[in-house]
Enquirer: 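Would you mind keeping the following structure in view while I ask a few things?
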Amino acid sequence: MNQTGKLIIFSAPSGAGKTTIVQHLLAKIPDLEFSISATTRKPRGDEKNGKDYYFISKKEFLHRIARKQFVEFEEVYTGTFYGTLRTEIERIWQNGHAVIFDIDVEGGLHLKRKYDGQALAIFVQPPSLEVLIERLTGRGTDSTEKLQERFIKAEKELNYAPEFDIILKNYDLQTACEEAEELVLNFLKS
Ligand code: ADP
Ligand code: 5GP
């Protein structure tokens with residue numbers, strides 16, 4: 001079925017499990033295609049340019065802002081920009097696929113407002129802030145200073161859950177993945 005025009009937004013504080021759940025859905029549902037964001041941060045681990053992110057310089061990012069190439073963008077962490085390129089959404093829709101986003105809470109709400117009626121916006125909820133901190137620390141990808149900034153932001157972001165269409169609890173990962181699959185498949189059928 002052609003899914004052009006549809007968007008599925010996964011937002012949550014860093015460490016809640018959205019990347020894990022989104023990757024699970026991408027492996028299971030061929031009608032979905034991942035929105036590759038542009039960012040000024042450096043690649044982490046085995047991340048690849050043009051697969052996980054478009055890794056670009058701050059100069060290029062600012063240039064693209066000036067040319068109004070972003071549907072939304074944010075300085076998610078001090079000095080580090082992330083944004084969704086208009087061309088990325090168009091590319092995916094041209095393939096007849098629904099766009100799936102892994103995006104921070106403010107960006108997710110921005111997209112939900114902008115594409116009202118076309119989007120399913122899901123907030124991934126961890127069991128508690130303490131567990132979130134454990135997961136983020138356990139992932140082992142961020143320096144102590146970066147972790148601190150993520151914890152502070154996470155605490156604020158947890159308050160925005162009620163503004164999303166659905167709150168998906170990620171306590172047990174398998175259960176969360178199954179629930180996510182059902183939600184997305186129903187949305188794609190609608
Ligand atoms: P996000 O994309 O929201 O920052 P990740 O998907 O990277 O979060 O998950 C953060 C860490 O928590 C990863 O190491 C992941 O394997 C782990 N994780 C995700 N969901 C669960 C869960 N339900 N129980 C335990 N660990 C989890
Ligand atoms: P990370 O550095 O862990 O990959 O991502 C940091 C945060 O930025 C995550 O919450 C992630 O979802 C968010 N993010 C990724 N891409 C975008 C984007 O295009 N726009 C916004 N607003 N946030 C994004």
Side-chain angles (χ1 to χ4, degrees), residues 7-27 34-56 61 64-65 69-89 92 99-115 121-143 145-158 160-161 164 167-180:
L7 308 94
I8 298 161
I9 302 158
F10 277 83
S11 290
S14 196
K18 58 192 179 305
T19 306
T20 311
I21 295 170
V22 166
Q23 290 306 322
H24 168 83
L25 293 171
L26 283 163
F34 182 58
S35 167
I36 305 165
S37 298
T39 182
T40 62
R41 88 152 160 74
K42 298 275 175 285
R44 229 168 30 202
D46 60 359
E47 285 180 335
K48 301 269 181 304
N49 185 42
K51 176 176 173 275
D52 301 285
Y53 281 106
Y54 298 115
F55 294 101
I56 63 176
F61 203 102
R64 287 176 180 268
I65 294 174
Q69 292 179 359
F70 289 105
V71 176
E72 65 77 40
F73 70 90
E74 251 183 89
E75 188 175 355
V76 175
Y77 300 108
T78 314
T80 310
F81 291 83
Y82 295 78
T84 306
L85 291 160
R86 204 175 299 279
T87 48
E88 185 64 9
I89 297 182
I92 294 171
V99 190
I100 185 164
F101 296 87
D102 170 341
I103 189 169
D104 87 326
V105 170
E106 204 177 318
L109 288 174
H110 192 114
L111 288 177
K112 173 174 151 58
R113 279 183 225 112
K114 192 168 179 118
Y115 293 99
I122 298 175
F123 185 93
V124 181
Q125 183 144 60
S128 63
L129 185 62
E130 288 69 31
V131 172
L132 183 82
I133 289 174
E134 271 170 33
R135 285 185 191 169
L136 205 44
T137 312
R139 192 170 70 184
T141 49
D142 301 279
S143 64
E145 192 191 320
K146 292 233 165 74
L147 280 173
Q148 205 59 36
E149 195 178 6
R150 283 172 190 249
F151 300 159
I152 292 167
K153 185 169 148 74
E155 196 169 4
K156 290 188 203 133
E157 287 182 326
L158 286 171
Y160 287 93
F164 284 76
I167 298 175
L168 174 71
K169 289 181 180 155
N170 180 16
Y171 296 7
D172 171 67
L173 182 59
Q174 194 183 337
T175 310
C177 285
E178 283 166 11
E179 283 176 12

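When a ligand or atom number is given, it counts from 1 through the structure's own listing order. Please read these numbers as outputs of a predicted model, since none were measured by experiment.
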Enquirer: What protein heavy atom sits nearest atom 23 (N) of ligand 1, and how far off is it?
Expert: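 Its nearest protein heavy-atom neighbour is Asn170 OD1, 2.7 Å.
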
Enquirer: For ligand 1, is there an atom lying under 4.0 Å from some heavy atom of Gly138?
Expert: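 No, that is not the case, since the closest heavy atom of the residue is not under 4.0 Å from the ligand.
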
Enquirer: Using a strict cut-off of 4.0 Å, indicate which atoms of ligand 1 neighbour a heavy atom of Pro13.
Expert: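 Matching atoms, with element in brackets: 3 (O).
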
Enquirer: If the contact criterion is a heavy-atom separation under 4.0 Å, does Ser14 count as touching ligand 1?
Expert: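 Judged by the 4.0 Å heavy-atom criterion, Ser14 does count as contacting ligand 1.
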
Enquirer: With the threshold set at under 4.0 angstrom, would you say Tyr53 reaches ligand 2 through any of its heavy atoms?
Expert: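 Judged by the 4.0 Å heavy-atom criterion, Tyr53 does count as contacting ligand 2.
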
Enquirer: Determine whether any heavy atom of Tyr77 lies closer than 4.0 Å to an atom of ligand 2.
Expert: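 So Tyr77 counts as touching ligand 2.
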
Enquirer: Heavy atoms only, cut-off 4.0 Å: how does Val76 contact ligand 2, side chain, backbone, both, or neither?
Expert: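 Just the side chain.
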
Enquirer: Under a 4.0 Å heavy-atom limit, does Ala12 contact ligand 1 with its side chain, its backbone, both, or neither?
Expert: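 Neither part.
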
Enquirer: Any idea how Phe81 and Phe73 line up, ring-wise: parallel (<30°), tilted (30 to 60°), or perpendicular (>60°)?
Expert: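 The rings of Phe81 and Phe73 sit tilted, inter-plane angle from 30° to 60°.
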
Enquirer: Take every heavy atom of Arg150, measure it against each atom of ligand 2, and state whether any distance is under 4.0 Å.
Expert: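 Flag set, Arg150 near ligand 2.
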
Enquirer: Going by distance only, is there an N or O of Tyr171 that falls short of 3.5 Å from an N or O of ligand 1?
Expert: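 Between Tyr171 and ligand 1, an N or O pair is found under 3.5 Å apart.
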
Enquirer: Identify the protein heavy atom lying closest to atom 19 (O) of ligand 2, giving its residue, its atom name and the separation to 0.1 Å.
Expert: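 Result: Ser37 OG, 2.7 Å.
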
Enquirer: Would you find a donor on one side and an acceptor on the other, under 3.5 Å apart, between the side chain of Ser11 and the backbone of Ile103?
Expert: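 Pair found, side chain donor or acceptor close to backbone of Ile103.
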
Enquirer: Is the closest heavy atom of Arg44 to ligand 2 under 4.0 Å?
Expert: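 It does; at least one heavy atom falls under 4.0 Å.
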
Enquirer: For Lys169, is the NZ atom crowded, meaning more than 12 foreign heavy atoms sit under 6.0 Å from it?
Expert: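 12 or below, so no.
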
Enquirer: Give the atoms of ligand 1, by number and element, whose distance to some non-hydrogen atom of Leu173 is under 4.0 Å.
Expert: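 So the answer, numbered in order with elements, is 20 (N), 22 (C), 23 (N).
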
